[in-house]
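What follows is a set of notes on a single structure, which appears directly below.
In what follows, every heavy atom counts, from backbone to side chain, and hydrogens, waters and symmetry copies are set aside. For this chain, numbers begin at 1 and follow the sequence in order.
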Amino acid sequence: MNIELQGRVINILPAKTGTAKNGNAWKSQVFVIESDGNYPKKAAIEIFNDKISVAIGQIVKVSCNIDAN
């Protein structure tokens, strides 16, 4: 299932880093977006191992593919 969200970045959490069991380094960053409209919704988005730079106040469009077992 593909989902697209668009909104303004309202918060950026500190980046986290670590080392996986196989020895590879990883990093993740969480940012929160808020949609427009009469009933704005908030969503926390976590990005792993990407070099994406966002700033508070920036309008972003996020696409993701949700898969569950």
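- Contact detail for Pro40 and Ser35: the closest heavy-atom pair is CB-O, 3.2 Å.
- Residues that satisfy the side-chain contact (heavy atoms from CB on, under 4.5 Å) test with Ile10, not counting sequence neighbours, are Val32, Glu34, Lys42.
- Listed by chain and residue number, nothing satisfies the salt bridge (Lys or Arg N to Asp or Glu O under 4.0 Å) test with Lys21 (two or more places apart in sequence, or in another chain).
- Between the CG atom in Leu5 and the CD1 atom in Ile45 there is a gap of 5.5 Å [rounded to 0.5 Å].
- For Ser28, the side-chain hydrogen bond (donor to acceptor under 3.5 Å, both in side chains) partners are Glu46, not counting sequence neighbours.
- Sorted by first then second residue, the salt bridge (Lys or Arg N to Asp or Glu O under 4.0 Å) pairs that include residues 4-13, not counting sequence neighbours, are Glu4-Lys61.
- Two residues are said to be in side-chain contact when any heavy atoms from C-beta on lie closer than 4.5 Å; Ile56 and Phe31 fail this criterion.
- Counting all heavy atoms, side chain and backbone alike, Ala55 lies closest to Val9 at O-CB, 3.5 Å.
- With sequence neighbours left out, the side-chain contact (heavy atoms from CB on, under 4.5 Å) criterion links Asp36 to no other residue.
- No single ILVMFWY cluster, assembled from side-chain heavy atoms under 4.5 Å apart, contains both Phe48 and Ile66.
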Name each donor-acceptor pair under 3.5 Å that joins a side chain in residues 12-20 to protein atoms two or more places apart or in another chain, with its distance.
none

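- Residue Asn2 holds its CG atom at 7.5 Å from OG of Ser63, rounded to the nearest 0.5 Å.
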